[in-house]
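Below: the structure, in structure tokens.
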Amino acid sequence: MSIGIAGNIYHKFNNYLKIEDFSFNIQKIANYNKIGINLNGNISANIRTILNFKTKNCIFFELTDSPLTFNADILFGLDSIEHYNFNEKVSRDESLKTRMDRVQNFLEGILANKNVLYINLYINCLIVDQSDIPDIKIIKVTDFCTTIVEICNIMYIVEIPAVNLSISL
């Protein structure tokens with residue numbers, strides 16, 4: 001099963017052009033941190049089914065391993081798992097902690113904008129039966145990496161669990 005990562009960026013921008021400018025900035029921050037990202041209408045059909053596109057003052061996003069992939073299996077995969085893209089083994093020699101540091105830097109870059117209120121992040125959202133959605137855990141962005149690594153270490157798991165986070169400065 002693919003790891004799906006989705007989220008909402010809640011903001012207080014008041015016109016479309018400002019939102020559009022900010023969306024280009026979001027892409028730039030993702031690229032800088034070597035994270036693939038899809039925004040709003042570019043989100044995959046699987047992820048679209050779990051997001052409420054009627055929410056106002058919100059930019060929807062999906063994180064992927066890179067601009068070439070459609071999931072986050074490597075970005076959010078555990079250290080012990082081998083990953084393949086297009087039948088080719090992919091090894092970046094990065095620990096989960098190193099990859100989560102990159103995601104944390106991405107989130108910090110977005111939250112640095114004074115018009116951003118908070119971010120909801122839905123980790124491994126495709127494995128969850130929508131009637132059994134985990135409660136949202138509220139954290140500070142500076143605790144993101146530690147939180148994810150601790151969850152994975154405590155659970156001693158083969159796959160990252162479904163986790164819903166509300167992240168702010």
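Using a 3.5 Å distance cut-off with no hydrogens or angles, the side chains of Tyr10 and Asn8 do pair a donor with an acceptor.
The shortest heavy-atom contact between Gln104 and Thr142 is NE2-O, 3.5 Å.
Rounding to the nearest 0.5 Å gives a distance of 13.0 Å between CG of Leu63 and OH of Tyr122. Separation of atoms CD1 (Ile119) and CG (Leu107) is listed at 5.0 Å; rounding is to 0.5 Å. Here the CZ atom belonging to Phe13 is positioned 9.5 Å from the OG atom belonging to Ser23, to the nearest 0.5 angstrom. If you take CZ on Phe61 and CG on Asn38, they are separated by 11.5 Å, rounding to the nearest 0.5 Å. Within the model, atoms CD of Glu94 and CE of Met100 stand 9.5 Å from one another, a figure rounded to the nearest 0.5 Å. Separation of atoms OG (Ser66) and CD1 (Ile35) is listed at 11.5 Å; rounding is to 0.5 Å.
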message = side-chain contact (heavy atoms from CB on, under 4.5 Å) for Phe24 and Glu20? Distances and angles first, verdict last.
response = CA-CA 7 Å; Phe24 282 113; Glu20 186 177 67; 3.9 Å; yes

query = Going through the checks in order, is the side-chain contact (heavy atoms from CB on, under 4.5 Å) test met by Val116 and Lys114?
reply = CA-CA 6 Å; Val116 173; Lys114 66 180 180 167; over 6 Å; no

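Here the side chains of Asn124 and Val163 are not in contact, with every heavy-atom distance at 4.5 Å or above. Within the 4.5 Å cutoff, side-chain heavy atoms of Phe76 are placed close to those of Ile5. The shortest distance between side-chain heavy atoms of Val103 and Arg99 does not fall below 4.5 Å. For the pair Gln27 and Ile37, the minimum side-chain heavy-atom distance is below 4.5 Å. At a threshold of 4.5 Å between non-hydrogen side-chain atoms, the residues Ile59 and Phe22 count as touching. No side-chain heavy atom of Asp143 sits less than 4.5 Å from a side-chain heavy atom of Val141. The shortest distance between side-chain heavy atoms of Leu117 and His11 does not fall below 4.5 Å. A heavy-atom distance below 4.5 Å is not found between the side chains of Phe144 and Val149.
Follow the hydrophobic side-chain contacts under 4.5 Å out from Tyr118 and you never reach Ile123; the two are in separate clusters.
A salt bridge is absent between Glu62 and Arg48: the closest approach of a Lys/Arg side-chain nitrogen to an acidic carboxylate oxygen does not fall below 4.0 angstrom.
Within the 3.5 Å criterion, the main-chain N or O of Ser2 finds no donor-acceptor partner in the side chain of Asn71. Using a distance-only test at 3.5 Å, with no hydrogens or angles considered, a donor-acceptor pair links the side chain of Lys140 to the main chain of Leu169. A donor-acceptor pair is defined here as one N or O able to donate and one able to accept, closer than 3.5 Å; such a pair exists between the side chain of Asn33 and the backbone of Ile29.
Of the candidates Ile9, Ile136, Ile167, Leu165, Asn120 forms a side chain to side chain contact (heavy atoms under 4.5 Å, CB included) with just one, namely Ile136.
Under the salt bridge (Lys or Arg N to Asp or Glu O under 4.0 Å) criterion, Lys97 pairs with Asp101, not counting sequence neighbours.
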